[in-house]
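Let me begin by presenting the structure, written as structure tokens, before commenting on it.
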Amino acid sequence: MAPREESSPPASSIPLIWKYPSHRKAGPVTADSYMDSRRDDDGAEGLWRIHDGLYDLTKFIKRHPGGEHWLLVTKGTDITEAFECHHVTSRAADLLPKFYVRDAQQRRNSPYTFHEDGFWRTFKRRAEPILQRTPETYFSRAFNDSLVAAAFGTAIAAAFFHSYLLATVAALIVSVSAICAHNFTHMRNNWRMYYMSLSWMSLSDWRVTHILSHHQYPNTLMDIEISMHEPMLLYLPTADKPLIHRVSSWVVFTLYAGFVLPMDLPNRLKKFRPEDALPLLYLLAMVLVGGAPLTQAVPMWLYMWAAHSFFFHYLGLTGAHHHPDIFHDGDAPREDRDFGLGQLDATRDRFDYGSNPFLVLSRYGDHALHHLFPTVDHCRLRALYPVFTETLKEFGIEYRFTTAWELFKGSFRQMGRTRPNTRAPGRVIALGHTED
């Protein structure tokens, strides 16, 4: 990506983002550059910032139940949003005073608030006892394992029959298995999180770009999944979009999607980790089990890589966050900047998925609840719908559901949108319809 040249960068439409995020001032945007920018912007003074306090968690790193990675990568940044939604119980908050150092000198550069009587804290208190008595389920694990086995089997068959059609099917299964594995990347360290690395992706980078950025600040200037695809995919509503984005966004998207993962290869080689070699297992299986010579297996393996990139981004970027009626930075924001409401404003669920666990796991279903409780297994989230509905009603909030097809079409319309929505979220009563 070419560096951005912004002598006067546009301000966020959200008043609480008072400082323009440093990572957007130059490209290409990577997980490392994003975290470096957060260290510049967050006023954490080399420590860990939670709300307006600074904490030294150095001695806790090796004891952190979720794994060392989360604390190692976030040192020197504001981790308020991650701390709030990654810990369902109050145990982490009870431990926190032991590590307090001093108050932060700089105000938070975040779009969200966490008032005790606000929507998020109220819903979280009500959800905790429900999650404690909701049993663990093995379905998501069995489903993900089956998908990975199917991907290997289809890749081997593709090599054996020298069939690029079967290689295409294998790539699609790899993409679905990666979406399903995304469930496990949010959790404390577990071996299934490496299914993401098996899918030609960096688990470490994913945990930054998707979990520590997108999940905390969806559709804002602080969301790296908005920034990292610019200038190819322009999701924010700005008046200066090139004509091709305004009239043929689906063409740009289609041409770009298959190259996203292969284009990241130089960055991956620069900081190679052992798990980055996992995709070679597909190639090994194609040669040793499928019997294909390297001259045939390597081109097919590379094709699978690109096809998977295409499917993964087509499924992911059209699945839950982009539609002209969904809030994007630049639109008029809701006056109440509660964290939970911010997640709802930037998310839509599809009622045509219902309670089908296959669709929920393979197409980012129950997405609002997933954003609110990302570390909870997807298959346990449905237990929260009664209290979710009750809390929405109590706060006078309407969470709108839509269809997969409407979101798919809307994602391309959003890329071409140049006019910000002037009505803040909460006034829209259905996708495509607003109050008079």
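Because only heavy atoms are used, hydrogens play no part in the values below, and waters and symmetry mates are left out as well, while side chains stay in. In this text, all values refer to a predicted model and were calculated from it rather than measured experimentally.
- Screening H378, R350, H321 for a side chain to side chain contact (heavy atoms under 4.5 Å, CB included) involving Y364 leaves a single residue, R350.
- For N189 against E68, the heavy-atom pair with the smallest separation is ND2-N, 4.4 Å.
- Using a 4.5 Å cut-off on side-chain heavy atoms (C-beta onward), D329 and I226 make no contact.
- Note that CZ of F310 and CG of L261 are 13.0 Å apart. Values are rounded to the nearest 0.5 Å.
- Residue pairs meeting the ring pair (Phe, Tyr, Trp, His ring centres under 6.0 Å) criterion with at least one member in residues 29-50, sequence neighbours excluded, are H23-Y34.
- In this structure, the ring of F123 has its center less than 6.0 angstrom from the ring center of F373.
- Heavy atoms from other residues, nucleotides or ligands lying under 6.0 Å from CZ of R419 number 12 at most.
- The two residues A424 and P333 make their nearest non-hydrogen contact at CB-O, 3.2 Å.
- Here the side chains of M415 and W250 are not in contact, with every heavy-atom distance at 4.5 Å or above.
- Here F253 and Y314 bring their ring centres to under 6.0 angstrom of each other.
- R38 contributes atom CZ, which lies 12.5 Å from atom OG of S33 (distance to the nearest 0.5 angstrom).
- Here the closest heavy-atom approach between residue L54 and residue G43 is recorded as CD2-O, 3.8 Å.
- Comment: D94 does not engage R91 in a salt bridge, judged by the lack of any side-chain N to carboxylate O separation of less than 4.0 angstrom.
- Without hydrogens or angle criteria, K124 side chain to H87 main chain gives a donor-acceptor distance under 3.5 Å.
- When all heavy atoms are compared, the tightest approach of S177 to N144 is O-ND2, 3.3 Å.
- Under the 30°/60° scheme for interplanar angles, the aromatic rings of Y217 and Y112 are found to lie parallel.
- Ion pair D32/K271 flagged as a salt bridge, since at least one NZ, NE, NH1 or NH2 atom sits closer than 4.0 Å to an Asp/Glu carboxylate oxygen.
- Remark: side-chain polar atoms of T185 are paired, donor with acceptor, to backbone N or O of H182 under 3.5 angstrom.
- Listed by chain and residue number, H308 satisfy the side-chain hydrogen bond (donor to acceptor under 3.5 Å, both in side chains) test with S175 (two or more places apart in sequence, or in another chain).
- Proximity of a side-chain donor or acceptor of K241 to a complementary backbone N or O of L236 within less than 3.5 Å is detected.
- T113 OG1 to H115 NE2: the interatomic distance, rounded to the nearest 0.5 Å, is 4.0 Å.
- Distance check, rounded to the nearest 0.5 Å: CG of D338 to OG1 of T122 gives 8.0 Å.
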(request) Carefully, step by step, assess H186 and H86 under the rule side chain to side chain donor-acceptor pair (under 3.5 Å). (result) CA-CA 9 Å; H186 284 273; H86 284 198; 5.0 Å; no
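- Taking the six-membered ring for Trp and thresholds of 30 and 60 degrees, F408 and F412 have ring planes more than 60 degrees apart, a perpendicular arrangement.
- Listed by first and then second residue, the side chain to side chain donor-acceptor pair (under 3.5 Å) pairs involving residues 380-391 are R126-T391, D366-R382, D366-Y385 (not counting sequence neighbours).
- At least one side-chain heavy atom of F143 sits less than 4.5 Å from a side-chain heavy atom of C180.
- In this structure, the separation between CG on L344 and CZ on F119 is 5.0 Å, given to the nearest 0.5 Å.
- Residues S213 and V208 are not in side-chain contact: their nearest non-hydrogen atoms beyond the backbone lie 4.5 Å or more apart.
- F351 pairs by the ring pair (Phe, Tyr, Trp, His ring centres under 6.0 Å) definition with nothing, not counting sequence neighbours.
- Checked against a 6.0 Å centroid threshold, the rings of F139 and F358 count as neighbours.
- Between the N109 side chain and the K19 main chain, a donor and an acceptor come within less than 3.5 Å of each other.
- The distance from the CG atom of D103 to the CZ atom of R49 is 9.5 Å, given to the nearest 0.5 Å.
- In this structure a side-chain-to-backbone donor-acceptor pair under 3.5 Å is missing from T418 to A239.
- The minimum heavy-atom distance between A178 and F312, with the atom names listed, is CB-CE1, 3.9 Å.
- Inter-residue side-chain proximity for L369 and D349 is flagged as unmet; no heavy-atom pair is nearer than 4.5 Å.
- Between L198 and Y282, the closest heavy-atom pair is O-CE1, 3.4 Å.
- Each of D41, D36, D42 was scored for a side chain to side chain donor-acceptor pair (under 3.5 Å) with R39, with one residue passing: D36.
- Under the 6.0 Å cut-off for aromatic ring centres, Y256 and H313 do not qualify, their centroids lying 6.0 Å or more apart.
- The side-chain hydrogen bond (donor to acceptor under 3.5 Å, both in side chains) check on R188 picks up nothing, with sequence neighbours excluded.
- Counting heavy atoms from C-beta outward, M187 and R192 have side chains that stay 4.5 Å or more apart.
- Between H367 and H215, the ring planes lie tilted relative to each other; the angle falls in the 30° to 60° range.
- For the pair F114 and E81, the minimum side-chain heavy-atom distance is below 4.5 Å.
- Between the side chain of D331 and the backbone N or O of H328, at least one donor-acceptor pair lies under 3.5 Å.
- Between the side chain of S12 and the backbone N or O of I14 there is at least one donor-acceptor pair closer than 3.5 Å.
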(request) Determine, stepwise, if the pair V260 / H229 fulfils side-chain contact (heavy atoms from CB on, under 4.5 Å). (result) CA-CA 9 Å; V260 180; H229 295 298; 4.1 Å; yes
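- D377 and S140 share a side-chain donor-acceptor pair at under 3.5 Å.
- Side-chain atoms of R400 come within 3.5 Å of backbone N or O of E398 as a donor-acceptor pair.
- No more than 12 heavy-atom neighbours from other residues, nucleotides or ligands sit within 6.0 angstrom of CD on E335.
- Side-chain N or O atoms of R363 include one that pairs as donor or acceptor with a backbone N or O of L315 at under 3.5 Å.
- Remark: side-chain polar atoms of D223 are paired, donor with acceptor, to backbone N or O of E225 under 3.5 angstrom.
- Remark: R121 engages E84 in a salt bridge, criterion side-chain N to carboxylate O under 4.0 Å.
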(request) Report the C-alpha distance between K25 and D40 in whole Å, list the side-chain angles of each, state the deciding distance to 0.1 Å, and finish with yes or no for salt bridge (Lys or Arg N to Asp or Glu O under 4.0 Å). (result) CA-CA 13 Å; K25 296 177 181 177; D40 290 338; over 6 Å; no
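- Here F60 and F99 bring their ring centres to under 6.0 angstrom of each other.
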(request) Would you check, one step at a time, whether the test side chain to side chain donor-acceptor pair (under 3.5 Å) holds for Q414 with H322? (result) CA-CA 6 Å; Q414 175 62 33; H322 302 303; 5.9 Å; no
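- At a threshold of 4.0 Å, the pair E45-R102 counts as salt-bridged, since one of the basic side-chain nitrogens sits closer than that to a carboxylate oxygen.
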Under 3.5 Å, which donor-acceptor pairs link side chains of residues 272-280 to any protein atom two or more places apart or in another chain?
| from | atom 1 | to | atom 2 | distance (Å) |
| --- | --- | --- | --- | --- |
| R273 | NH2 | S204 | OG | 3.4 |
| D276 | OD1 | R268 | NH2 | 3.1 |
| D276 | OD2 | R273 | N | 3.0 |

